[in-house]
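Following: one structure in structure tokens, then a few remarks.
Hydrogens, waters and symmetry mates play no part in the numbers below; they use all other heavy atoms, side chains included. As the structure is a computational prediction, the values presented were derived from the model and not from experiment. Reminder, nothing fancy here: chain letters follow the sequence lines and each chain counts from 1.
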2 protein chains.
Amino acid sequence: MPCGSCEREAVKPPVPSRRDAIADDLRERIATGRLKPGDRLPSEAHLAAQYMVSTPTLRNALAVLQAESLVEKVHGKGNFVRRPLRRITYRGGGRTPGTQAVDLAPLSVTVHTTRVRARGHLTALLRTPTGSPLTEILCLGHEGDRPHSLARIYIPCDLAPAAVLRESLPYEGVLTRLMELRPPLAEVREEIGVRCPTPDEASTLRISSALAVLAVTRQTTDTAGRVVEAALLVLPGDRADAVFTTHHVIDERLAEG
Amino acid sequence: MPCGSCEREAVKPPVPSRRDAIADDLRERIATGRLKPGDRLPSEAHLAAQYMVSTPTLRNALAVLQAESLVEKVHGKGNFVRRPLRRITYRGGGRTPGTQAVDLAPLSVTVHTTRVRARGHLTALLRTPTGSPLTEILCLGHEGDRPHSLARIYIPCDLAPAAVLRESLPYEGVLTRLMELRPPLAEVREEIGVRCPTPDEASTLRISSALAVLAVTRQTTDTAGRVVEAALLVLPGDRADAVFTTHHVIDERLAEG
DNA sequence: GAGTGGTCTAGACCACGAG
DNA sequence: TCGTGGTCTAGACCACTCA
């Protein structure tokens with residue numbers, strides 16, 4: 001038990017560090033609207049002078065706010081208050097054709113398909129030998145000018161004929177086309193984890209490599225037990241949620257039948 | 001586009017920073033087993049001299065490895081190579097009595113129940129007016145001596161009678177007891193997000209406050225549409241996954257029937 | 001070229017852990 | 001007490017952006 005005499009803030013540092021004090025102050029300024037979304041903060045040198053700390057200390061304070069995705073650093077321009085983010089909701093589980101996995105409302109998706117060969121994790125996910133041919137569908141979701149979500153979908157080649165890829169349909173077109181070609185599905189397994197983005201992912205999604213991402217690995221199996229799709233989704237952790245809804249009535253109806 | 005002439009490593013820094021170079025070297029040493037789990041690294045001063053950098057730079061390199069949860073810092077003792085972590089799997093969705101949400105294999109759970117009153121997010125989650133009485137069940141999972149997972153379960157008081165709480169059953173006992181008392185369930189909604197731990201959570205789980213956590217918000221509804229349970233689970237992001245398996249055969253059987 | 005953030009230095013002083 | 005990590009300083013130099 002920590003001593004009860006400290007009237008400070010958190011349990012961690014009995015003496016609140018300058019860094020956290022500054023971060024708290026700026027956080028307050030943002031919360032109360034004295035600093036508005038999109039605003040540029042004073043320069044780091046200016047802020048350092050204002051708070052009477054050295055530049056590294058001030059930068060540490062900004063790093064805290066950056067990790068909370070309240071502040072965005074732009075090299076050569078300044079530090080900016082982030083605009084409130086529209087949340088991304090990944091809907092897992094019982095999807096029916098016509099339901100989108102991700103809310104696509106104000107979203108445009110860039111699709112790029114290539115042929116690749118299974119290797120590494122993919123062979124395990126697809127239960128396929130190393131080197132077997134796959135179609136990779138790379139989907140990059142945009143909201144306005146900002147990248148938003150990243151999906152890599154892998155499908156055995158015989159289920160994703162070249163015709164589908166050449167037609168250069170929009171995102172939704174490709175997906176519905178693939179659904180039609182697919183044998184009836186038996187099971188969807190979705191695994192959700194947290195990790196730091198790879199450098200690629202960080203630059204593609206334009207997020208700090210310090211910001212954790214929500215990684216969804218989806219494995220879809222048909223009634224014959226064959227894996228017909230493996231999908232790797234990456235969503236920025238500060239904006240994304242995954243939602244799963246399970247209806248137990250179904251189980252009960254089955255039990256009764 | 002960055003210049004094509006750089007044969008360096010990532011896209012991010014065309015000139016690899018000393019920090020990343022050192023982090024890479026130490027990561028390599030760990031990966032190849034030259035530094036083994038549990039080992040103490042040389043002191044920061046020693047490492048700084050060895051790499052011929054200043055202490056802050058070396059500390060930045062260690063911070064990278066810490067964020068990757070490869071290295072654990074212990075104030076006053078040193079930096080240690082983390083032991084490989086047993087992964088925590090949260091199983092969501094269609095649970096039946098007898099199936100655990102979290103693999104409890106080598107796990108002990110400390111339970112603590114209190115009466116609280118609904119406020120803030122809880123009122124929305126439980127669809128209950130502010131101030132209505134709730135039973136809070138605080139579960140802290142341990143693996144050996146290390147905390148492992150944190151769950152706060154909220155239940156309307158009438159569904160969690162005092163008898164259950166006073167019996168001071170072990171974790172599993174409490175849960176099965178509650179299940180028996182519960183009306184048949186209709187729906188489970190699970191929302192999964194990523195965030196930084198609160199200072200409380202960080203110290204309870206003994207994780208760095210920089211390490212993101214997987215936060216699961218579970219809302220369980222009975223057949224009458226009443227929310228009979230809200231659960232807030234917090235799992236350390238470096239060890240935890242959530243897995244959801246959806247069987248589509250069920251839907252098809254229903255459609256056929 | 002002026003202004004910005006990004007990285008780094010070579011120290012200082014404090015807080016914690018163990019003997 | 002000693003060695004450890006935690007925080008901080010007051011600069012330096014480089015890279016990026018924009019006029």
B:R19 side chain near C:dC8 phosphate (N/O to OP1/OP2, under 4.0 Å): no

Nearest 0.5 Å, what's the CZ-CG distance between A:R218 and A:L233? 6.0 Å

Testing A:L140, A:V234, A:I137 for side chain to side chain contact (heavy atoms under 4.5 Å, CB included) with A:R152, which one passes? A:V234

Reckon A:N79 has a side-chain N or O less than 4.0 Å from the OP1 or OP2 of C:dG5? yes

Please report the distance, rounded to the nearest Å, between CZ in A:R59 and C1' in C:dC8. 11 Å

Atom pairs, N/O to N/O, protein against nucleotides 9-12 of chain D, distance under 3.5 Å?
from, atom 1, to, atom 2, distance (Å)
D:dT9, OP2, A:S54, N, 2.9
D:dT9, OP2, A:S54, OG, 2.7
D:dT9, OP2, A:T57, OG1, 2.4

A:D20 side chain vs A:S17 backbone, donor-acceptor pair below 3.5 Å: no

Roughly, in whole Å, what's the span from CZ in B:F80 to C1' in C:dG17? 10 Å

Within the side chain of B:T123, is there an N or O that forms a donor-acceptor pair under 3.5 Å with the backbone of B:G120? yes

Strictly by modelled atom types, are A:T114 and A:E136 linked by a side-chain donor-acceptor pair under 3.5 Å? yes

Taking atom CZ as the centre, does A:R40 end up with more than 12 heavy-atom neighbours from other residues, nucleotides or ligands that are less than 6.0 angstrom away? yes

Protein N or O to nucleotides 1-3 of chain D N or O, pairs below 3.5 Å:
from, atom 1, to, atom 2, distance (Å)
D:dG3, N2, B:G76, O, 3.2

Could you check how far NZ of B:K73 sits from C1' of C:dA15, rounded to whole Å? 15 Å

Answer yes or no: does atom CD of B:E28 have more than 12 heavy-atom neighbours from other residues, nucleotides or ligands under 6.0 Å? no

Whole-Å distance between C:dG3 C1' and A:H46 NE2? 14 Å

Taking only Lys NZ, Arg NE, NH1 and NH2, and the carboxylate oxygens of Asp or Glu, determine whether B:K77 and B:E72 approach each other closer than 4.0 Å. no

To the nearest Å, how far apart are A:L47 CG and C:dG3 C1'? 15 Å

Expressed as a whole number of angstroms, how long is the span from A:L62:CG to C:dG6:P? 9 Å

Report yes or no: does B:Q219 contribute a side-chain atom to a donor-acceptor pair with the main-chain N or O of B:L125 at less than 3.5 Å? yes

